[in-house]
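Take a look at the structure below.
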Amino acid sequence: MKVLVINCGSSSLKYQLFNMEDNSVLAKGLVERIGLEVGMLKHQPINNNKVEVSEKIPNHRVAVKMMLDALLDKNHGVVKNISEISAVGHRVVHGAEKFSDSVKITDEVMDVLKECVAIAPLHNPPNIIGIEAARDMLPDVPMVGVFDTAFHQTMPNYAYMYGVPYELYEKYSVRRYGFHGTSHRFVSAEAAKMLEKSIEELNIITLHLGNGSSITAVKNGKSVENSMGFTPLEGIIMGTRCGNIDPAIVPFIMEQEGISPDQMNNYLNKKCGVYGISGVSSDFRDLEDAAKNGNTRAELALKMFSYQAKKFIGSYVAAMNGLDAIVFTGGIGENSITMRQMICEDMDYFGIKIDEQKNHVRGKKADISLEDTKTKILVIPTNEELMIALDTVSLVKTA
Ligand code: ADP
């Protein structure tokens with residue numbers, strides 16, 4: 001069975017085609033700069049050369065068509081007939097309280113997804129456009145939606161409510177939702193496998209550290225806390241997002257700088273974080289290089305990031321009353337030896353002791369804790385696409 005996974009952003013479409021006999025990737029690619037003057041398709045068949053096509057890609061329908069043409073192409077394609085694609089799994093950012101699991105996409109589900117746009121105006125519209133385009137182009141293929149928020153629907157109400165009047169929750173669904181759920185679900189399950197224990201008996205903290213970063217407390221296989229909130233802006237300081245700040249700063253800056261709510265939202269999402277602090281970059285490789293060369297603001301940004309991650313770990317030990325393992329994933333978590341070292345430093349009170357030698361690893365599964373320490377420190381590359389493909393298979397098979 002072959003399953004296509006689609007992750008649609010406002011001007012891009014990422015895809016992977018899986019062979020579910022062995023969970024292998026047959027091809028993956030990216031259509032970018034959709035709607036701009038010149039767009040680009042990058043298609044990588046797994047046993048063939050990469051193909052790049054540069055032309056105007058006016059909308060997502062055209063992007064879906066280009067992806068299908070690439071998958072079917074007689075030179076660099078990986079399927080002979082479109083009917084070989086048995087199902088499509090779509091990443092959807094926000095499922096609000098409507099979706100606590102992945103779901104087979106129907107007209108009714110599309111209506112509910114559109115209702116969710118009110119609380120996720122930045123993230124859900126491109127996902128919906130992508131699903132609609134794929135449904136138009138592949139009308140007979142079953143499709144599944146997999147939500148970043150779904151895994152966190154097990155958070156208790158005292159964890160997800162904000163200290164604002166209850167009516168705001170009733171009227172506008174204002175609460176914490178948590179994000180990156182597909183990644184946290186995947187790596188926590190993988191961690192249990194690595195530890196050869198049932199996930200039901202483990203307290204795990206998963207750190208998904210990338211351009212967007214979030215940290216989750218997974219107690220007995222269920223998310224009980226995630227550092228992100230109503231939107232992915234809350235939590236630890238990120239590449240360009242501010243993370244937790246005193247909310248009074250928001251109206252203060254708006255007044256001082258004379259900027260609108262929209263401009264302020266953009267500012268907090270795009271101009272802040274380690275980029276805003278360092279003035280150097282949002283990329284941790286650049287920050288680590290700059291810090292090594294004596295840039296004190298880059299050093300400060302890295303220190304803020306590691307310190308805030310430490311504080312989340314501490315608070316999640318309290319939330320779960322225990323800790324068996326912490327898991328590093330995402331671009332930074334999988335690759336930054338320095339950042340893992342900084343986060344694990346002086347954490348022996350929690351049984352966290354990193355093995356400096358074993359920590360010299362990038363992009364592959366590893367146990368980097370010192371032998372005989374209480375808490376295991378694991379590096380586990382995330383694979384949200386595979387998780388989406390697996391959910392898609394199980395829902396299509398049970399339908
Ligand atoms: P996204 O949230 O966009 O999916 P990723 O999870 O791919 O992002 O993470 C991207 C980030 O990973 C980059 O911005 C960079 O900071 C970081 N990164 C990747 N490789 C390294 C590395 N070798 N050392 C330090 N940081 C790295």
Side-chain angles (χ1 to χ4, degrees), residues 7 89-103 109 112-113 115-120 122-124 127 144-164 168-169 172-192 199-200 202-210 212-236 238 241 243-244 308-309 312-313 315-321 323 325-330 333 380 382-384 387-388 390-391:
N7 179 359
H90 292 272
R91 177 195 182 202
V92 185
V93 174
H94 215 312
E97 290 184 338
K98 311 279 187 193
F99 301 103
S100 52
D101 266 312
S102 303
V103 66
V109 165
V112 180
L113 281 181
E115 284 171 29
C116 295
V117 167
I119 57 169
L122 292 179
H123 299 95
N124 276 25
N127 299 154
V144 166
V146 179
F147 303 87
D148 280 19
T149 48
F151 183 54
H152 304 302
Q153 278 297 299
T154 45
M155 278 197 285
N157 57 1
Y158 53 82
Y160 69 65
M161 290 299 284
Y162 290 111
V164 296
L168 295 185
Y169 170 61
Y172 306 119
S173 308
V174 170
R175 52 158 280 184
R176 300 181 50 245
Y177 290 96
F179 293 87
H180 288 144
T182 312
S183 174
H184 291 291
R185 178 159 61 103
F186 179 79
V187 297
S188 55
E190 289 296 307
I199 196 160
E200 276 84 30
L202 290 170
N203 293 315
I204 305 173
I205 296 175
T206 49
L207 296 99
H208 179 110
L209 310 177
S213 293
S214 74
I215 304 177
T216 297
V218 185
K219 187 171 183 61
N220 313 130
K222 293 197 164 55
S223 166
V224 293
E225 257 296 358
N226 175 263
S227 56
M228 285 178 164
F230 180 59
T231 74
L233 189 56
E234 190 181 335
I236 180 175
M238 299 172 224
R241 296 180 214 153
N244 291 348
Q308 293 186 16
F312 271 108
I313 293 172
S315 66
Y316 287 180
V317 175
M320 295 193 290
N321 187 25
L323 180 65
I326 65 171
V327 180
F328 286 102
T329 195
I380 304 181
T382 195
N383 196 340
E384 288 156 290
M387 191 86 254
I388 294 172
L390 290 167
D391 277 11

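By convention here, the first residue in the shown sequence is residue 1.
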How would you list, by chain and number, every residue that makes a ring pair (Phe, Tyr, Trp, His ring centres under 6.0 Å) with Phe328, sequence neighbours excluded? none
With sequence neighbours left out, write down each residue that passes ring pair (Phe, Tyr, Trp, His ring centres under 6.0 Å) with His152, or none if nothing qualifies. His184
I want to check something: taking the side chain as every heavy atom from C-beta on, are Ile119 and Tyr172 in contact at a cut-off of under 4.5 Å? no
Show your working on side-chain contact (heavy atoms from CB on, under 4.5 Å) between Thr182 and Ile388 and close with a plain yes or no. CA-CA 8 Å; Thr182 312; Ile388 294 172; 4.2 Å; yes
Taking side chain as C-beta onward, heavy atoms only, is Glu97 less than 4.5 Å from Ser173? no
Measure the spacing between OG1 of Thr216 and CE of Met228 and express it to the nearest 0.5 Å. 9.5 Å
Can you tell whether the side chains of Lys219 and Glu225 come within less than 4.0 Å, N to carboxylate O? no
Using 0.5 Å steps for rounding, measure from the OG1 atom of Thr154 to the OH atom of Tyr160. 11.0 Å
Student check: side-chain heavy atoms of Val317 and Ile205 closer than 4.5 Å: yes
Keeping Thr329 on the side-chain end and Ile380 on the backbone end, is there a donor-acceptor pair under 3.5 Å? yes
Rounded at 0.5 Å granularity, tell me how far CE in Met387 sits from CD in Glu190. 8.5 Å
Point-to-point distance, once rounded to the nearest 0.5 Å, from CG of Asn244 to CD of Glu234: 5.0 Å
Just so I know, are the side chains of Met155 and Ser223 near enough to count as touching, which here means a heavy-atom distance under 4.5 Å? yes
Check whether any side-chain heavy atom of Thr149 lies under 4.5 Å from a side-chain heavy atom of Val93, and answer yes or no. no
Are Phe99 and Val112 packed together at the side-chain level, in the sense that at least one heavy-atom pair is separated by less than 4.5 angstrom? yes
Approximate separation, where rounding is to 0.5 Å, of Arg91 CZ and Asn127 CG: 7.0 Å
Answer yes or no: is there a donor N or O on one side and an acceptor on the other, between the side chain of Tyr162 and the main chain of Gly229, under 3.5 Å? no
Once you round to the nearest 0.5 Å, how far does CD1 of Ile313 lie from CD of Gln308? 12.5 Å
So, do Leu113 and Phe147 sit near enough that their side-chain heavy atoms are less than 4.5 Å apart? yes
Distance under 6.0 Å and angle within 45° of the ring axis: does Arg175 meet both against Tyr169? no
